[in-house]
Amino acid sequence: MAETVANISTVDFDKIRKDFPVLDQQVNGRPLVYLDNGASSQMPVQVADRIDHYHRREHSNVHRGIHTLSQKATDAFEETRKKVRDFIGAGSENEIIYTTGTTDSINLVANSFGKLYFKEGDQIILTEMEHHANIVPWQMIAEQTGAEIKVIPVDDNGDLDMKAYKSLLSEKTKMVAVVHVSNALGTVNPVKEITDLAHNSGAAVLVDGAQAVPHQPVDVQEIGCDFYAFSAHKMCGPTGFGILYGKKEYLDAMPPYRGGGDMIDKVSFEETTYNVAPFKFEAGTPPIAAGIGLGAAIDYLENIGMDVIAEKEAELVNYAVEELQKIDGLRMIGTPRTRASVASFVFDEIHASDMGTILDKRGIAVRTGHHCAQPILRRFNVPATTRASLSFYNTKEDIDRLVDGINYVKSFFE
Ligand SMILES: *Cc1c(COP(=O)(O)O)cnc(C)c1O
């Protein structure tokens, strides 16, 4: 990641917002306020146009074609691998595996790494604030291998109990899988410190970066983690595509996760040998258009600058938390030391689904429910929260509209 000096006062965010035509529409008779970026962010025209161009002018299958169109498609698709490498500071594009998203990336590691390394009595450490995508694959492989899962608790603010983490680590620990930024609380976890401690115990580390990569500069070599997973559709790209970064030494050792075309070296009925990483993990025709779209999304984000995006979103989320906390009866779920782009809250008297439904009637899109993170909501003794999740194209007016909307909902319950 290039060193640049962020100076957001010189960045024209009104112009940037115009790159997102979806934001410029009426929903239920009012201008849309989109605050569900944690579930899926919106796509700028630059990315949509690039995908459209592929479909109109370049569509062809990748890797096996000798003809010009196939080579064009392959070049564009493989270019994304280099862009991702530079975007997250990986050592080589061979450490970048194409997947269909964060969920797929984590399932790949749980299955391939887990089958190779986990045995009876080994331990996998997770945190109480994980997304289901970073819980269930580990439970499934634990059941198959006899490994067991240990959980780092979270304090009342939504920060990890690092002392408890240290006491969980032992020579039995084989994997520490932790979310970089919590989608339910907004907590930014100290992933470098977590990684250093795990490595001192001889354990590998997977970081779920689905909510981090879209919002701040990420450098996997600086973190030092062994695996890092994220999704294109949360970072201005299309659905159906994601990334798994893995250190070469592990990727070389790990067996394939799925079999099929593209992942082989030689196939016969007697014996099949496999392609090298990353291709041995990429069986079958990939989502080519989506992969090219991710490349365009990275260009778009880098053109603004991830440090600029982080600073802008910090300003917005701080404003949101400040304004939300002024509302009588509103309780924030998660008041972490460092927060990124997410504000979750509850009211004792108002169910989150009523809140979400009435806000939608006023054109305001928020997410309500358990946010695929039931354990952490149980930790806070709430069945559901209302979550506003921000992106750099949101405005203070969006937040003011949200606050007005909440006060309107409250008026029904008084
Ligand atoms: C969205 C999300 C996931 C799952 O991503 P998919 O794109 O649905 O695979 C995993 N972890 C976190 C923290 C998320 O926010």
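Scope of the values below: all heavy atoms of this structure, side chains included, with no hydrogens, waters or symmetry mates. In each ligand, atom 1 is the first atom listed, and ligand 1 is the first ligand listed.
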Contact atoms of ligand 1, heavy-atom distance to [X] under 4.0 Å:
X      : answer
Thr102 : 4 (C), 5 (O), 9 (O), 10 (C)
Val179 : 13 (C)
Ser231 : 5 (O), 6 (P), 7 (O), 9 (O)
Gln211 : 13 (C), 14 (C), 15 (O)

Side chains of Ser41 and His233, donor plus acceptor under 3.5 Å: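 No, no side-chain donor-acceptor pair sits under 3.5 Å.
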Aromatic plane relationship, His370 with His132 - under 30° parallel, 30 to 60° tilted, over 60° perpendicular: tilted
Any N/O pair Asp104/ligand 1 closer than 3.5 Å: no
Polar proximity ligand 1 side, Asn183 side, N/O cut 3.5 Å exclusive: no
Just checking [X]: does its [atom1] atom have more than 12 heavy atoms from other residues, nucleotides or ligands closer to it than 6.0 angstrom?
X      : atom1 : result
Lys410 : NZ    : yes
Asp328 : CG    : no
Asp24  : CG    : no
Glu143 : CD    : no

Heavy atom of His180, distance to ligand 1 below 4.0 Å: no
Any Lys234 heavy atom less than 4.0 Å from ligand 1: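 Yes.
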Identity of the nearest option to atom 4 (C) of ligand 1, non-hydrogen atoms only, from Asp208, Thr103, Asn107: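 The nearest heavy atom belongs to Thr103.
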Salt bridge Asp155-Arg379, side-chain N to carboxylate O under 4.0 Å: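 Here Asp155 does not pair with Arg379 in a salt bridge, since their nearest N and O are not under 4.0 Å apart.
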